Enquirer: 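Would you mind keeping the following structure in view while I ask a few things?
Only this structure's heavy atoms are used, side chains among them; waters, hydrogens and symmetry mates stay out. All figures in this text were calculated on a predicted structure; none of them were measured in a lab.
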Amino acid sequence: MQQDGSDLSSTNGSRPVPRSSLPRKRRSRKEGFFTPSVLFLMTAVLLTLVSLLLIMTSVSGLFSDDYPPPGVMIITPSPTAPVPTSTVKPSIPCESCGKVYDASDPLHSIQPFFTETVLGNATLLYSKNITYPYYSVNGHTTLKAVNIYPVTVLVLEYFVPDVTVKKVLVDKQTIEKGILIDTTYKTVYVTYPDPDARFEIRVYDESGSLVTAQGFAGQYDTGMKDIITFYRQGNYTIEMTGKRIDFAVSIIEK
């Protein structure tokens with residue numbers, strides 16, 4: 001009897017053997033990259049990274065900007081007593097007030113500015129210390145005062161240098177029967193203000209007329225300060241001459 005070839009198999013003409021009884025070859029299945037061991041390893045790494053991220057976030061939250069990170073030392077300086085400072089009142093330039101020019105010394109100029117004096121607020125128009133030395137015949141200074149407002153004052157303070165003079169004085173005289181027999185002398189050194197010190201100031205108005213004149217010694221007294229007051233607005237010329245004297249001149253607009 002002939003059987004279906006799908007169920008039988010013959011070898012070398014022997015009796016056919018059913019195929020179902022023959023051993024089957026097991027096919028090897030090709031595995032991919034994501035094997036269970038790889039997936040487990042990747043999961044472990046991911047969990048480790050998440051843990052580290054959470055730890056870093058919690059640590060950064062503990063230390064804000066007001067606190068230093070661990071290991072940083074903060075040195076707080078000890079409080080020191082405040083150092084007293086002198087208060088200097090600011091001076092404000094004056095654009096609309098009078099101006100004074102030194103015609104004899106163009107290099108010396110002063111910009112008028114508001115200041116505070118013992119008499120209150122004022123405007124300093126001019127200020128300078130001048131010396132007329134002993135070896136000069138006569139010192140001379142000319143000031144041009146422009147647009148002077150009332151009330152403006154010109155203040156002069158004199159500083160007369162001392163001089164030392166050698167003097168020979170009679171120390172003792174011997175007189176017998178009304179007749180001078182002998183005289184002895186002694187030498188002394190006397191210091192006093194220079195008697196040759198002189199100073200004069202003359203103020204002229206715009207027309208050239210003399211307004212006032214003051215000074216030190218000579219035809220004037222020997223007071224150590226003079227004040228000239230301007231009561232009328234205008235332009236003035238101030239002439240100062242002298243010798244063997246120091247003085248400070250200030251022109252102040254009140």
Side-chain angles (χ1 to χ4, degrees), residues 86 88 100-110 112 115-119 122 124-145 148 151-205 208-230 236-254:
S86 58
V88 179
V100 178
Y101 304 94
D102 195 336
S104 54
D105 185 9
L107 296 179
H108 179 80
S109 62
I110 179 172
T115 185
E116 184 173 328
T117 67
V118 293
L119 301 177
L124 181 64
L125 303 182
Y126 182 85
S127 178
K128 188 178 183 181
N129 295 326
I130 302 176
T131 298
Y132 293 155
Y134 70 92
Y135 52 80
S136 64
V137 178
N138 264 307
H140 182 265
T141 302
T142 300
L143 302 179
K144 296 291 185 180
I148 299 301
V151 173
T152 299
V153 295
L154 187 153
V155 181
L156 288 161
E157 294 185 74
Y158 305 113
F159 306 94
V160 180
D162 290 335
V163 294
T164 300
V165 180
K166 176 182 177 180
K167 290 188 175 183
V168 179
L169 306 177
V170 175
D171 184 34
K172 184 180 180 180
Q173 290 181 336
T174 302
I175 300 176
E176 294 181 3
K177 297 179 180 183
I179 301 174
L180 180 60
I181 302 300
D182 188 30
T183 301
T184 58
Y185 300 90
K186 63 179 180 180
T187 302
V188 296
Y189 295 90
V190 182
T191 300
Y192 49 82
D194 191 343
D196 294 326
R198 296 288 186 273
F199 181 82
E200 183 179 47
I201 179 171
R202 290 175 171 265
V203 181
Y204 300 91
D205 63 13
S209 300
L210 180 64
V211 176
T212 186
Q214 300 288 339
F216 177 86
Q219 60 178 321
Y220 306 103
D221 60 32
T222 55
M224 303 306 292
K225 188 174 184 178
D226 279 325
I227 298 178
I228 298 174
T229 304
F230 298 86
Y236 296 89
T237 299
I238 303 169
E239 299 283 353
M240 294 179 288
T241 57
K243 64 177 182 178
R244 304 172 76 96
I245 192 171
D246 302 338
F247 63 97
V249 55
S250 301
I251 301 178
I252 304 170
E253 182 181 297
K254 295 183 178 179

Enquirer: What residue pairs, at least two apart or across chains, pass side chain to side chain donor-acceptor pair (under 3.5 Å) with a residue in residues 170-185?
Expert: none

Enquirer: Quick check: closest heavy atoms across Ser250 and Ser127, and the distance to 0.1 Å?
Expert: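 Nearest pair, atom of Ser250 first, then Ser127: OG-OG, 3.8 Å.
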
Enquirer: Just how far is it from atom CG of Asp246 to atom CD of Glu157, taken to the nearest 0.5 Å?
Expert: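 Asp246 CG to Glu157 CD: 12.5 Å, rounded to 0.5 Å.
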
Enquirer: Answer whether the closest heavy-atom distance between the side chains of Val249 and Ile238 falls below 4.5 Å.
Expert: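 The answer is no, as the side chains (C-beta and beyond) never meet within the 4.5 Å cut-off.
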
Enquirer: Please test Ile148 against Glu253 for side chain to side chain contact (heavy atoms under 4.5 Å, CB included), starting from the C-alpha separation and ending with a verdict.
Expert: CA-CA 8 Å; Ile148 299 301; Glu253 182 181 297; 5.8 Å; no

Enquirer: Checking side chain to side chain contact (heavy atoms under 4.5 Å, CB included) for the pair Val203/Phe230: CA distance, chi angles, key distance, verdict?
Expert: CA-CA 10 Å; Val203 181; Phe230 298 86; 3.7 Å; yes

Enquirer: Distance from Asp196 atom CG to Arg244 atom CZ, nearest 0.5 Å?
Expert: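 Asp196 atom CG to Arg244 atom CZ measures 5.0 Å (nearest 0.5 Å).
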
Enquirer: How long is the gap from OG1 on Thr131 to CG on Asn129, to the nearest 0.5 Å?
Expert: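 Rounded to the nearest 0.5 Å, the OG1-CG separation comes out at 7.5 Å.
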
Enquirer: If the condition is side chain to side chain contact (heavy atoms under 4.5 Å, CB included), which residues does Asp102 pass it with, not counting sequence neighbours?
Expert: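 Asp102 satisfies side chain to side chain contact (heavy atoms under 4.5 Å, CB included) with Ser104, Asp105, His108, Tyr126, Lys128, Thr141, Leu143 only.
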
Enquirer: Could you check whether any side-chain heavy atom of Tyr132 comes within less than 4.5 Å of a side-chain heavy atom of Arg198, counting everything from C-beta outward?
Expert: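 Not touching, per the 4.5 Å side-chain cut-off.
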
Enquirer: Nearest 0.5 Å, please: how far is CD1 in Ile130 from NE2 in His140?
Expert: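 It is 11.0 Å, given to the nearest 0.5 Å.
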
Enquirer: Against Tyr236, only a single residue in Ile228, Leu154, Asp205, Thr152 fulfils side-chain contact (heavy atoms from CB on, under 4.5 Å); can you say which?
Expert: Asp205

Enquirer: Can you tell me how far the CE atom of Met240 sits from the CD atom of Glu200, to the nearest 0.5 Å?
Expert: 12.0 Å

Enquirer: Between Tyr204 and Glu239, does any side-chain donor sit less than 3.5 Å from a side-chain acceptor?
Expert: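 The answer is no; no qualifying pair exists.
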
Enquirer: What is the minimum heavy-atom distance between Ala122 and Lys254, and which atoms define it?
Expert: CB-CA, 4.4 Å

Enquirer: Give every donor-acceptor pair under 3.5 Å between a side-chain atom in residues 160-167 and any protein atom, sequence neighbours left out.
Expert:
residue	atom	partner	partner atom	Å
Thr164	OG1	Thr191	OG1	2.9

Enquirer: Just to verify, which of Phe199, Tyr158, Phe159, Phe216 counts as forming a ring pair (Phe, Tyr, Trp, His ring centres under 6.0 Å) with Phe247?
Expert: Phe199

